Amino acid sequence: MGALDRFEKSVERMMNNAFAKVGRGEVKPVELASRLRRELDDRAAVVGRDRTVAPNEFTIELSPDDFAQIEAWGAQTLADELASNITAYAATQHYAFVGPVSVTFDEQYELVPGRFTVRSRSVQGSVAPATSGAPTGRHPLIDIDGQRYLLTGPVTVIGRDAEADIVVDDPGVSRRHLEIRVTPDGVVATDMGSTNGLYVEGHQVPAATLLDGNTMTIGRTRIMFWTGSASGADNEDW
């Protein structure tokens, strides 16, 4: 089974089960998934050598009946599953994002049941799912417990706070624990006054300039860092 088949079937299975709890819906789950995939393909733009950027924020506009049905089951769970699968599909197509992927639902009274539209846009964020390409000195990559992120903004905050750029579910991590700042002179990790501190290569430090392959630890969470170059920087123009 190909990646596209897995993408559609995983969304269809989860969402069909969801809709079964609240009755038969006019909007079919696989239609939402397929339409989002098509939106990615239609809006993806080549912006450089080996780099194709796709939209990362999606709004699905639904009729009042379909919107109410999704709300009754749990719109956020549905949206998260779609966003996860959009990210997986983007990886198979080597699309890049400039910010986190999100899906929201909007009620439109002029739509009839079974009809929906999709709006999308590219919105710059501090982090984006690492779906394609290699990390660079300007856009390094971090791995947190197997989840990979590309640092697309100059400053990234990691912690338990829901407003952090990357939220870590670890009781040993402070609400705003770690800041990673990308500068022309290097990438600097700084402890933000956390309770349990920042460790780089096993040594507790208030701040450190990161090198390619460094390991950071906050609480019980390990963070791997890569720029794709042995020196921790590359020749990309700033």
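Remember, it's a predicted structure, so these values are computed and weren't measured experimentally.
- Around CD of Glu110, the count of heavy atoms belonging to other residues, nucleotides or ligands within 6.0 Å exceeds 12.
- Here OG1 of Thr87 is found 9.5 Å from CG of Asn56. Values are rounded to the nearest 0.5 Å.
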Subject >> side chain to side chain contact (heavy atoms under 4.5 Å, CB included) between Ile70 and Leu62, worked out >> reply: CA-CA 10 Å; Ile70 287 177; Leu62 299 155; 3.4 Å; yes

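- With hydrogens and angles ignored, the 3.5 Å screen pairs a side-chain donor or acceptor of Gln124 with a backbone N or O of Thr152.
- Considering CG of Leu32 and CG of Asn85, their distance stands at 12.0 Å, rounded to 0.5 Å.
- Salt bridge Asp143/Arg148: present, at least one basic N to carboxylate O contact under 4.0 Å.
- The shortest distance between side-chain heavy atoms of Val187 and Phe225 falls below 4.5 Å.
- Of all non-hydrogen atoms in Leu82 and Ala33, the two that sit nearest each other are CD2-CA, 4.2 Å.
- Between Leu40 and Pro55, the closest heavy-atom pair is CD2-O, 3.6 Å.
- Comment: Glu179 engages Arg181 in a salt bridge, judged by a side-chain N to carboxylate O separation of less than 4.0 angstrom.
- Taken together through direct or relayed side-chain contacts under 4.5 Å among Ile, Leu, Val, Met, Phe, Trp and Tyr, Leu151 and Val155 form parts of separate hydrophobic clusters.
- For the pair Pro129 and Pro100, the tightest heavy-atom approach, listed with the atom from each and the gap, is CD-CA, 4.2 Å.
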Subject >> Stepwise side chain to side chain contact (heavy atoms under 4.5 Å, CB included) check, Thr104 with Ile60 >> reply: CA-CA 6 Å; Thr104 57; Ile60 300 175; over 6 Å; no

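- A donor-acceptor pair under 3.5 Å is absent between the side-chain atoms of Ser174 and the main chain of Arg176, judged by distance alone.
- Under a 3.5 Å cut-off, the side chain of Ser126 and the backbone N or O of Asp165 do not form any donor-acceptor pair.
- Counting only distance, with no hydrogens or angles, the side chain of Arg119 and the backbone of Phe58 share no donor-acceptor pair below 3.5 Å.
- When hydrophobic clusters are built by joining Ile, Leu, Val, Met, Phe, Trp and Tyr residues whose side-chain heavy atoms come closer than 4.5 Å, directly or via intermediates, Val98 is grouped together with Val47.
- Residues Leu111 and Glu61 are in side-chain contact: their nearest non-hydrogen atoms beyond the backbone lie under 4.5 Å apart.
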Table please: side-chain donor-acceptor pairs of residues 213-220 below 3.5 Å, with sequence neighbours left out.
residue, atom, partner, partner atom, Å
Asn214, OD1, Leu211, N, 2.7
Asn214, ND2, Glu201, OE2, 3.4

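- Using a 3.5 Å distance cut-off with no hydrogens or angles, the side chains of Asp66 and Ser63 do pair a donor with an acceptor.
- With sequence neighbours excluded, the residues forming a salt bridge (charged side-chain N to carboxylate O under 4.0 Å, His left out) with Arg121 are Glu57, listed by chain and number.
- Atom CD of Glu31 is separated from atom CZ of Arg115 by 10.5 Å, given to the nearest 0.5 angstrom.
- Using modelled atom types, one side-chain atom of Arg160 and one backbone atom of Val173 make a donor-acceptor pair closer than 3.5 Å.
- Pairing each heavy atom of Thr221 with each of Ile144, the nearest pair is CG2-CG2, 3.6 Å.
- Hydrophobic clustering places Ile158 together with Val200 (ILVMFWY residues linked when any side-chain heavy atoms are closer than 4.5 Å, directly or through intermediates).
- Closest heavy-atom contact between Ser122 and Ala54: OG-O, 3.6 Å.
- One side chain, Tyr89 or Asp41, offers a donor N or O that lies under 3.5 Å from an acceptor on the other.
- When side chains are defined from C-beta on, Val205 counts as touching Leu198, because their heavy atoms get closer than 4.5 Å.
- Under the 4.5 Å side-chain heavy-atom criterion for grouping Ile, Leu, Val, Met, Phe, Trp and Tyr, Val167 is not connected to Ile180 through any hydrophobic cluster.
- Defined by atom type and a distance below 3.5 Å, a donor-acceptor pair is missing between the side-chain atoms of Thr59 and Asp106.
- Note that CD1 of Ile142 and OG1 of Thr227 are 13.5 Å apart. Values are rounded to the nearest 0.5 Å.
- Rounding to the nearest 0.5 Å places CE of Met224 at 12.0 Å from CG of Asp145.
- Remark: Arg35 engages Glu39 in a salt bridge, criterion side-chain N to carboxylate O under 4.0 Å.
- Follow the hydrophobic side-chain contacts under 4.5 Å out from Leu210 and you never reach Val157; the two are in separate clusters.
- With respect to Phe97, the side-chain contact (heavy atoms from CB on, under 4.5 Å) criterion is satisfied by exactly one of Leu150, Val53, Ile86: Ile86.
- With a 4.5 Å cut-off on side-chain heavy atoms, Pro140 and Trp226 do not count as touching.
- In plain terms, the two heavy atoms of Asp65 and Pro113 that are nearest each other are OD2-CG, 3.5 Å.
- Distance alone, capped at 3.5 Å, is enough to place a donor-acceptor pair between the Asp212 side chain and the Gly228 backbone.
- Residues Asp80 and Gln76 form a side-chain contact, since some pair of their non-hydrogen atoms from C-beta on lies under 4.5 Å apart.
- For the atom pair OG1 (Thr195) and NE2 (His177), the distance works out to 8.0 Å, reported to the nearest 0.5 Å.
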